[in-house]
Amino acid sequence: MDRVQLQNDVFSYFNRLGDEIDWRALTTPIEVHLIAKTQYLFRQGECVDRWYFLHSGLVRYVSVSDEGKEFTQTLVKGPKIIGSTRSMVTTSPVLFGIQALEDSVITSYNWAEFYQQMRHDKAFLECYLHFLETIFIAKEERESTFVKDSAERRYLDFCVAYPELKDQIPQQYIASYIGITPVALSRIRQKLKLGHRP
């Protein structure tokens with residue numbers, strides 16, 4: 001795996017978020033993680049001091065209740081920044097794990113070193129702010145759907161957002177992602193099938 005190319009891919013992703021960043025200050029090494037399907041990048045309860053970039057593949061954020069029940073918090077396809085902001089900033093245990101649903105190529109940097117070296121670059125700070133804004137907007141919109149939308153509406157929205165996944169990943173992952181049981185999801189899919197909707 002070409003580390004230089006992977007690092008350049010990370011730089012290009014950031015540069016698309018705003019003004020051109022001067023990356024010459026960055027000397028902390030990049031790490032490469034090749035995560036096979038079903039394997040975890042990290043698990044709930046671990047301390048994670050790195051930020052990650054998903055170059056290719058598909059992952060899910062999964063949390064586990066005290067009773068052992070799994071919940072799919074979100075699904076992410078590359079290229080995208082992934083990880084736990086809370087854990088990397090506060091060095092506290094992560095509240096979820098990240099599991100690969102496809103073979104995935106991921107890189108990472110030590111967050112403290114990365115931020116210390118890049119925090120004086122105004123273009124980087126603006127890009128990072130833009131990234132955080134997109135996270136908060138997505139979180140707000142997702143919370144809104146659970147308040148006002150029906151389970152069927154949430155499933156239809158899932159099919160629009162991830163059209164290639166509705167028949168590709170386990171149905172229990174989709175069910176927990178939209179906040180219903182697998183049995184309820186099966187009923188919705190059957191109803192939509194009879195109605196010839198997606």
Between Arg189 and Asp167, does any side-chain N to carboxylate O distance fall below 4.0 Å?
yes
Using a 6.0 Å cut-off, check whether atom CD of Glu140 has over 12 heavy atoms from anything other than its own residue.
no
Test of understanding: with salt bridge (charged side-chain N to carboxylate O under 4.0 Å, His left out), list the residues that count as partners of Glu67, not counting sequence neighbours.
none
Go through the steps for Tyr52 and Phe42 under the test ring-ring contact (aromatic ring centres under 6.0 Å, His included), then give the verdict.
CA-CA 11 Å; Tyr52 298 89; Phe42 56 75; 5.8 Å; yes
Measure the shortest side-chain to side-chain distance between Ser84 and Val48 over non-hydrogen atoms and say whether it is less than 4.5 angstrom.
no
Got a sec, which pairs hit side-chain hydrogen bond (donor to acceptor under 3.5 Å, both in side chains) with one end in residues 87-103, sequence neighbours left out?
Arg60-Gln99, Arg86-Ser92, Thr90-Ser92, Glu102-Gln168
Residues passing the salt bridge (charged side-chain N to carboxylate O under 4.0 Å, His left out) test with Asp157, sequence neighbours excluded, are Arg153
Run the salt bridge (charged side-chain N to carboxylate O under 4.0 Å, His left out) test against Glu133 and tell me which residues pass, sequence neighbours left out.
none
Can a side-chain donor-acceptor contact be found between Ser63 and Gln44 if the only test is distance below 3.5 angstrom?
no
Check step by step if side-chain hydrogen bond (donor to acceptor under 3.5 Å, both in side chains) holds for Gln117 and Thr27.
CA-CA 8 Å; Gln117 292 169 5; Thr27 60; 3.1 Å; yes
Output yes when a side-chain donor or acceptor of Gln172 lies under 3.5 Å from a complementary backbone atom of Phe71, and no otherwise.
no
Side-chain contact test, heavy atoms from C-beta onward, threshold under 4.5 Å: evaluate it for Leu26 versus Tyr109 and give yes or no.
yes
May I ask you to test the Phe124-Phe114 pair for a side-chain heavy-atom distance under 4.5 Å?
yes
Check for me whether the distance between the ring centres of Phe14 and Trp23 falls short of 6.0 Å.
yes
Side-chain contact, heavy-atom cut-off 4.5 Å: Leu58 with Ile169?
yes
Please examine the side chains of Leu125 and His120, heavy atoms only from C-beta on, and report whether any two atoms are closer than 4.5 Å.
no
Heavy atoms, side chains only, cut-off 4.5 Å: are Cys159 and Lys166 in contact?
yes
Looking only at side chains, do Ser108 and His33 share a donor and an acceptor under 3.5 Å apart?
yes
Ile106-Ile30 co-clustered via ILVMFWY side chain contacts under 4.5 Å
no
Closest approach of Val76 and Leu54, non-hydrogen atoms and distance?
O-CD2, 3.5 Å
Taking the six-membered ring for Trp, is the centroid-to-centroid distance between Tyr128 and His130 below 6.0 Å?
no
Is a side-chain N or O of Ser176 found less than 3.5 angstrom from the main chain of Thr72, in a donor-acceptor match?
yes
Between Ser186 (side chain only) and Pro182 (backbone N and O only), is there a donor and an acceptor less than 3.5 Å apart?
no
Is the charged tip of Arg154 near the ring of Phe146: under 6.0 Å from the six-membered ring centre and within 45° of its axis?
yes
Non-hydrogen atoms of Thr74 and Tyr177 that approach each other most closely:
CA-CE1, 3.5 Å
Is the backbone of Ala36 close enough, under 3.5 Å, to the side chain of Gln39 for a donor and an acceptor to pair up by distance?
yes
Grouping ILVMFWY residues whenever side-chain heavy atoms fall under 4.5 Å, the cluster of Val62 otherwise contains Tyr40
Do any N or O atoms from the side chain of Asp121 and from the backbone of Ile21 form a donor-acceptor pair under 3.5 angstrom?
no
So, do Ile82 and Tyr61 sit near enough that their side-chain heavy atoms are less than 4.5 Å apart?
yes
Can you check whether Leu75's main-chain N or O pairs, donor with acceptor, with Tyr162's side chain at less than 3.5 Å?
yes
Give me each pair satisfying salt bridge (charged side-chain N to carboxylate O under 4.0 Å, His left out) with a member in residues 176-187, each pair once, sequence neighbours excluded.
none
Starting from the C-alpha separation in whole Å, work towards a yes-or-no answer on ring-ring contact (aromatic ring centres under 6.0 Å, His included) for Phe136 and Phe131.
CA-CA 9 Å; Phe136 283 115; Phe131 168 69; 9.9 Å; no
Note, Leu95 side chain near Gln73 side chain (heavy atom, < 4.5 Å)
no
